[in-house]
Amino acid sequence: MRQATMTRRGALAAAAAAPWLAGCASPRWPPRFSASQALLDRYVAEGKIAGACLAIGRGDAPPTWVNAGVRARGLPEPAGPDTLWRIYSMTKPITAVAALEMIEEGPERLDQPIADFLPAFARMQVATAYDPLQTRPAARPITLRHLMTHTSGLSYHINEGSPLAPVYRAAGVMPVGAQLDVQEGDGAPPTDLETFAACVAPLPLIDDPGARWEYSIGLDVLGAVIQAAWGLPFETFLRRRLLAPLGMDDTGFSVPAAKRSRLAANYLITPDGPREIDAPATSAWIDAQVMPSGGAGLVSSARDYARFCAMLLNGGAVGRWRLLRPRTAALARSNLLPPETRAFPPWWSGDAFGAGMGVITPASAKPGREPPGAYGWAGAAGTSMWIDPVNGFYAVLMTHFMPSRAYPLWDETRAAVYADLAA
């Protein structure tokens with residue numbers, strides 16, 4: 001297959017920038033992460049979380065582990081590098097990078113219409129009114145770029161206030177819905193990606209592709225595109241081309257019997273404190289999921305996800321294995337938003353968007369924190385990650401609580417890590 005020609009806009013030259021932390025260009029590694037340890041210990045001691053594992057690493061060296069608490073209240077096993085966590089939307093960067101790998105090796109292009117692979121998406125309509133529903137033809141086709149940057153015009157059944165949320169629910173367009181919040185009147189979730197895509201295609205878009213940033217099911221549809229383009233089940237492609245080469249053996253869409261003793265419990269934060277909502281012994285993830293959700297379906301460990309982050313930090317390689325060409329790894333962390341996209345919403349610290357991840361530009365950087373060029377994302381149950389190519393490290397936080405904004409732990413962890421590095 002011929003090498004794809006990939007276009008991008010506004011690539012960030014962060015790697016060439018001066019180090020953000022004075023004196024940290026070549027710090028002794030690993031430093032003492034005392035502030036990070038104290039933060040996680042405090043959250044456990046105050047009863048906010050059962051446990052957590054934080055990985056901080058650079059290069060190919062094994063990461064430093066900061067562990068606190070247990071994998072589930074009432075169980076003796078400590079939370080650690082091999083504890084399994086529901087990473088929800090931290091699945092999105094993995095799916096987006098898998099798509100870039102596909103583009104790198106095949107004839108597919110970043111700005112190629114997805115209708116080339118899924119013909120049902122050839123004539124998309126944009127909603128102009130909802131009661132009753134009125135539509136007009138979309139101004140342009142949905143592309144692979146649109147899917148991985150949430151600019152496709154698709155929305156999410158979980159988006160509060162989205163007029164498409166009830167439309168999605170009625171159609172059963174709810175990735176991992178069975179594990180979250182199926183409500184009365186919701187349609188049955190599709191049983192496979194092909195059916196999922198067939199359910200999405202007839203639904204209206206919230207805006208023209210490329211016109212606005214709307215958190216969406218785009219990465220789930222991207223999984224269906226990969227499956228159609230390669231003629232392989234999406235989960236098989238992911239395993240063969242990304243997870244297995246990186247040694248991410250504990251990452252998958254369900255937890256096999258032999259690994260169930262390592263699964264953490266998930267908790268809902270209530271006025272009375274955390275309440276267990278997905279116990280390890282009866283978790284929805286111990287059986288095969290309804291469909292392999294490329295947007296929110298993976299379970300992983302801190303050790304596994306650290307390998308993924310190390311690969312991106314190292315320009316596409318880990319050890320002797322090169323997964324991506326350096327230019328493709330750079331593309332993943334560049335600003336991939338289409339030129340016509342309206343402003344990226346400020347609810348993440350970045351103001352640009354790459355391959356399923358937010359990217360920090362000079363306009364959104366804060367002194368003493370992530371520098372321009374840092375990038376990362378988070379999951380619905382408290383997990384988060386970020387990669388800092390300027391200071392040369394990555395960090396992965398695994399813990400469980402919902403909703404993810406119930407505590408400012410992601411923000412506080414990043415502040416603690418940078419304080420530890422500066423110290």
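Please read all numbers here as calculations on a predicted model, not as lab measurements. Along the sequence shown, residues carry numbers from 1. Side chains are part of it too, since the values below use all heavy atoms of this structure and drop only hydrogens, waters and symmetry mates.
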Sidechain-backbone polar pair: Thr195 side chain, Thr191 backbone, donor-acceptor under 3.5 Å: no
is_close_aromatic(Tyr88, Trp285), centroid dist under 6.0 Å: yes
Any residue meeting salt bridge (charged side-chain N to carboxylate O under 4.0 Å, His left out) with Glu214, in chain and number order, not counting sequence neighbours: Arg212
With sequence neighbours excluded, residues passing side-chain contact (heavy atoms from CB on, under 4.5 Å) with Asn314: Asp60, Ala310
ring-ring contact (aromatic ring centres under 6.0 Å, His included) partners for His400, two or more places apart: Trp85
Parallel, tilted or perpendicular: ring planes of Phe253 versus Phe234, cut at 30 and 60 degrees: tilted
Chi angles and distances behind the side chain to side chain contact (heavy atoms under 4.5 Å, CB included) call for Lys259, Asp250: CA-CA 8 Å; Lys259 300 180 180 182; Asp250 285 333; 2.8 Å; yes
Ser89 and Lys92 side chains, donor-acceptor separation under 3.5 Å: yes
Within-4.5 Å side-chain heavy-atom neighbours: Leu39 and Arg42: yes
Side chain to side chain contact (heavy atoms under 4.5 Å, CB included) between Leu144 and Val225, intermediate numbers included: CA-CA 8 Å; Leu144 298 178; Val225 169; 3.5 Å; yes
Residues that Tyr407 engages under ring-ring contact (aromatic ring centres under 6.0 Å, His included), provided they are two or more places apart: Tyr43, Phe401
Phe196: ring-ring contact (aromatic ring centres under 6.0 Å, His included) partners, not counting sequence neighbours: none
Distance-only donor-acceptor check, side chains Asp82 and Ser301, under 3.5 Å: no
side-chain contact (heavy atoms from CB on, under 4.5 Å) partners of Ala96, counting only residues at least two apart: Met148, Leu219, Ala355
Member of Leu164, Leu154, Val126 meeting the side chain to side chain contact (heavy atoms under 4.5 Å, CB included) criterion with Pro204: Leu164
Ring centres under 6.0 angstrom apart (Tyr394, Tyr305): no
Side-chain donor/acceptor of Ser283 to backbone N/O of Pro280, under 3.5 Å: no
Between Ser216 and Ser155, a side-chain donor and acceptor under 3.5 Å: no
Flag, side chain of Arg333 to backbone of Val359, donor-acceptor distance under 3.5 Å: no
Flag for Asp388-Tyr418: side-chain donor and acceptor within less than 3.5 Å: yes
Side-chain donor or acceptor of Arg325 paired with backbone N/O of Glu101 under 3.5 Å: no
Side-chain (Thr341) to main-chain (Pro338) donor-acceptor, under 3.5 angstrom: yes
Side-chain (Thr399) to main-chain (Gly51) donor-acceptor, under 3.5 angstrom: yes
